[in-house]
Amino acid sequence: MNTDLIKIIITNNKNLLIAVLITILGTWLRVYNYAVVPDENFTFDEYAFAWSGMSLIQNSVPTSWSYLSAYDTDKLTRIEWLGKKNLYLVTPWFDHPPLFGLIVGGFAILLGANTFWECTTQLIRIPSLIFSSISIFIFYFINHKLFNTKIATITALIFATDPLFVYLSRLAVSENLLILLLLGSIFCFLEYLSKSSTIYFYILVALTSLAPLVKVTGLSIVAALSLMFVYKKKIRDGLIVMTAGIFAFSLYFVYGWFYDFKLFISVLKAHSQRFNSILILKEMIFSGNLPFIDAWFILGWMTLPYAMKNLVSNYKIQLIYLPLITYLFMSIFSGAQSHFYCWYTIPLYPFLLISSGYFISDFIKKPSLLNSSVIIIIVFSWCLNYGLGHPWSNFYILNLKGFKYIFIALISIIYAPIVIQEVLRTKKLLFLNRVVAILVFSSCIVANILITYNLKQILESNLIE
């Protein structure tokens with residue numbers, strides 16, 4: 001095969017190649033140490049899903065642990081698992097719809113588990129790794145359709161390497177399937193609008209209908225895609241999506257009726273009684289429940305108004321923020337902020353990182369004192385500190401003699417041409433500033449990889465707060 005043919009193949013498949021490479025990188029980061037980071041007892045919800053699915057497959061009735069008041073604890077079996085005492089096994093288990101549990105429990109059985117106690121994180125986290133890897137691939141092409149190759153690459157790289165998102169992507173929790181269904185639905189929506197191919201619409205209906213059978217908050221995906229069609233004056237399509245989603249959700253009630261409808265309704269009421277706060281944004285952004293502070297997550301929230309304001313003329317961008325809004329409202333109505341867990345943020349990541357990617361693209365295209373300050377203060381310093389500052393590294397820069405002066409000099413080198421450019425109002429330094437901006441972003445991605453690779457040691461050392 002000659003070099004010209006290779007160049008033609010690469011040129012014609014450039015975006016596919018970029019998407020595959022970024023997906024491989026993100027998959028490798030997620031698979032590395034996935035069974036031990038997070039810890040096996042980080043959340044027992046992982047086992048709740050796995051046990052419910054395993055028992056449903058093996059015994060035709062869902063059994064798992066629950067703390068909900070709807071179950072009579074006097075009639076339940078109390079167990080201890082991984083040091084966790086006072087876990088109550090309930091039958092039938094109605095805490096969540098059955099689909100995600102069936103997938104996780106099914107994988108555990110296929111991989112050799114026969115009892116609850118054999119459902120290790122090494123087995124039950126594999127579906128989430130698969131869902132997350134596919135999500136990276138789809139996410140790239142969504143951004144490419146919305147923007148261009150440059151922004152798609154920037155955004156997908158952050159999506160693939162962000163340490164907190166990688167951390168959460170490993171968990172056997174239903175949100176990792178919801179994000180795949182959400183991204184798949186948005187991709188099909190954009191393809192349907194551009195190509196008018198009904199196959200994309202049918203796939204979209206199927207994906208959105210599965211969402212409420214994964215978790216009740218999956219109804220937000222049904223609502224969001226329905227509203228997106230209505231916004232485009234495709235009311236008939238919107239009604240089909242909504243009707244199919246409601247029908248699918250009604251199957252959850254049929255499921256409850258089949259086993260014990262009175263208990264099923266009691267469990268739903270027990271969920272609703274946890275509503276005692278409306279401070280959802282406080283919890284989503286500043287909650288101490290997050291395993292560690294993530295600069296990319298904060299940057300996403302900070303740049304969200306910037307992206308929405310500057311992209312007001314792009315209807316596609318307006319549309320894709322509907323899922324963010326509907327998910328937040330669904331979280332408020334379901335009382336999620338009253339018992340907030342860090343994995344509730346997983347469906348927010350695509351939209352926050354789209355905002356970050358757009359902002360960073362502007363930073364690279366036209367560096368300014370404002371956008372460079374945001375990047376350096378929020379992201380660059382965080383990445384530099386944790387990516388190159390861990391004490392087990394051969395290059396522990398925080399221990400270097402005079403590091404304070406090295407850091408000041410580095411920041412000065414970054415800022416100096418930008419300040420000169422803005423003060424003198426000259427474009428002569430624009431190329432230099434763009435090169436520096438690319439180097440800053442590239443160093444942040446490298447730091448992301450280093451942080452994720454060493455995350456076990458970093459968390460054990462309590463360096464990240």
Side-chain angles (χ1 to χ4, degrees), residues 19 23 97 99-100 103 127-128 130-147 152 155-156 159 169 173-252 314-331 344-354:
T23 301
L99 183 55
F100 185 73
I103 294 172
S128 290
I130 296 172
F131 299 149
S132 181
S133 296
I134 299 173
S135 295
I136 297 170
F137 188 77
I138 297 174
F139 186 66
Y140 175 88
F141 283 103
I142 289 175
N143 279 276
H144 183 261
K145 290 191 72 66
L146 294 174
F147 301 104
T155 309
F159 192 81
S169 296
V173 292
S174 53
E175 281 76 9
N176 279 318
L177 177 52
L178 282 183
I179 195 173
L180 174 58
L181 297 176
L182 173 59
L183 292 176
S185 299
I186 292 174
F187 176 79
C188 288
F189 175 82
L190 295 174
E191 287 291 306
Y192 179 59
L193 287 187
S194 62
K195 297 179 180 178
S196 299
S197 175
T198 55
I199 185 64
Y200 289 108
F201 179 71
Y202 295 144
I203 296 174
L204 183 152
V205 172
L207 293 175
T208 54
S209 298
L210 288 175
L213 295 177
V214 173
K215 196 170 185 178
V216 172
T217 49
L219 285 170
S220 64
I221 298 176
V222 177
L225 270 297
S226 299
L227 289 173
M228 289 162 72
F229 276 116
V230 171
Y231 184 91
K232 288 298 299 175
K233 294 183 170 52
K234 293 182 176 290
I235 298 176
R236 177 177 171 273
D237 292 338
L239 289 175
I240 291 174
V241 172
M242 180 63 72
T243 302
I246 292 173
F247 173 77
F249 185 57
S250 69
L251 297 179
Y252 183 35
N314 189 331
Y315 79 89
K316 291 180 181 178
I317 305 299
Q318 296 178 46
L319 289 178
I320 66 165
Y321 280 109
L322 278 173
L324 170 69
I325 297 168
T326 55
Y327 181 76
L328 287 175
F329 273 107
M330 181 63 68
S331 298
Y344 291 175
T345 62
I346 291 174
L348 300 175
Y349 267 88
F351 313 103
L352 297 180
L353 296 187
I354 285 174

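Everything quoted here is computed from the prediction, not taken from an experiment.
Among Y200, F229, F201, the one residue that satisfies the ring-ring contact (aromatic ring centres under 6.0 Å, His included) test with F189 is F229. Remark: of the listed residues I186, L193, L190, L190 is the sole one forming a side-chain contact (heavy atoms from CB on, under 4.5 Å) with K145.
S185 and I221 make their closest contact through OG-CG2, 4.3 Å (heavy atoms, listed as atom of the first residue, atom of the second, distance). Considering every non-hydrogen atom in both T326 and P323, the closest pair reads OG1-O, 3.1 Å. Annotation for N143 and I354: closest pair OD1-CG1, 3.4 Å, computed over non-hydrogen atoms. Heavy atoms only, all atoms of each residue included: A244 and S209 are closest at CB-OG, 3.4 Å. Listed here is the closest heavy atom pair of S169 and S128: O-CB, 3.5 Å. A152 and H144 get closest at one heavy-atom pair: CB-N, 3.6 Å.
Contact check for L352 versus T345: no side-chain heavy atoms found under the 4.5 Å cut-off. Side-chain contact between L177 and P127: absent, with no pair of heavy atoms (C-beta onward) separated by less than 4.5 Å. For the pair Y344/Y327, a side-chain contact is recorded, criterion being any heavy-atom separation below 4.5 Å from C-beta on.
In this structure, T23 contributes its side chain and I136 its backbone to no donor-acceptor pair below 3.5 Å. Between the side chain of T208 and the main chain of V205, a donor-acceptor pair closer than 3.5 Å is present. Remark: the backbone N or O of I240 is not paired with any side-chain donor or acceptor of T243 at under 3.5 angstrom. Of the possible polar contacts, one joining the S226 side chain to the V222 backbone as a donor-acceptor pair under 3.5 Å is found.
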**Q.** Audit row: Y140, F159, side chain to side chain contact (heavy atoms under 4.5 Å, CB included) steps and yes/no
**A.** CA-CA 9 Å; Y140 175 88; F159 192 81; over 6 Å; no
Q) Taking it one step at a time, do L182 and F351 satisfy side chain to side chain contact (heavy atoms under 4.5 Å, CB included)? A) CA-CA 11 Å; L182 173 59; F351 313 103; 3.6 Å; yes
Q | Worked check of side chain to side chain contact (heavy atoms under 4.5 Å, CB included) between F139 and Y349 | A | CA-CA 11 Å; F139 186 66; Y349 267 88; over 6 Å; no
Q | Full working for side chain to side chain contact (heavy atoms under 4.5 Å, CB included) between L225 and L207 | A | CA-CA 11 Å; L225 270 297; L207 293 175; over 6 Å; no
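Here S220 contributes atom OG and L227 contributes atom CG; the two are 11.0 Å apart, rounded to the nearest 0.5 Å. The line from CD1 of I134 to CD1 of I179 is 12.5 Å long, rounded to the nearest 0.5 Å. Annotation: the span from Y192 atom OH to I199 atom CD1 amounts to 12.0 Å, rounded to 0.5 Å. In this structure, the separation between CD on E175 and CZ on F100 is 8.5 Å, given to the nearest 0.5 Å. Here the OG-CG distance, from S132 to L180, works out to 9.0 Å after rounding to the nearest 0.5 Å. Residue L204 holds its CG atom at 11.0 Å from CG of L181, rounded to the nearest 0.5 Å.
Residue pairs satisfying the salt bridge (charged side-chain N to carboxylate O under 4.0 Å, His left out) criterion with at least one member in residues 130-140, sequence neighbours excluded, are absent.
Every side-chain contact (heavy atoms from CB on, under 4.5 Å) that I235 has, sequence neighbours left out, goes to L239.
Ring geometry for F249 versus Y252: interplanar angle of 30 to 60°, hence tilted.
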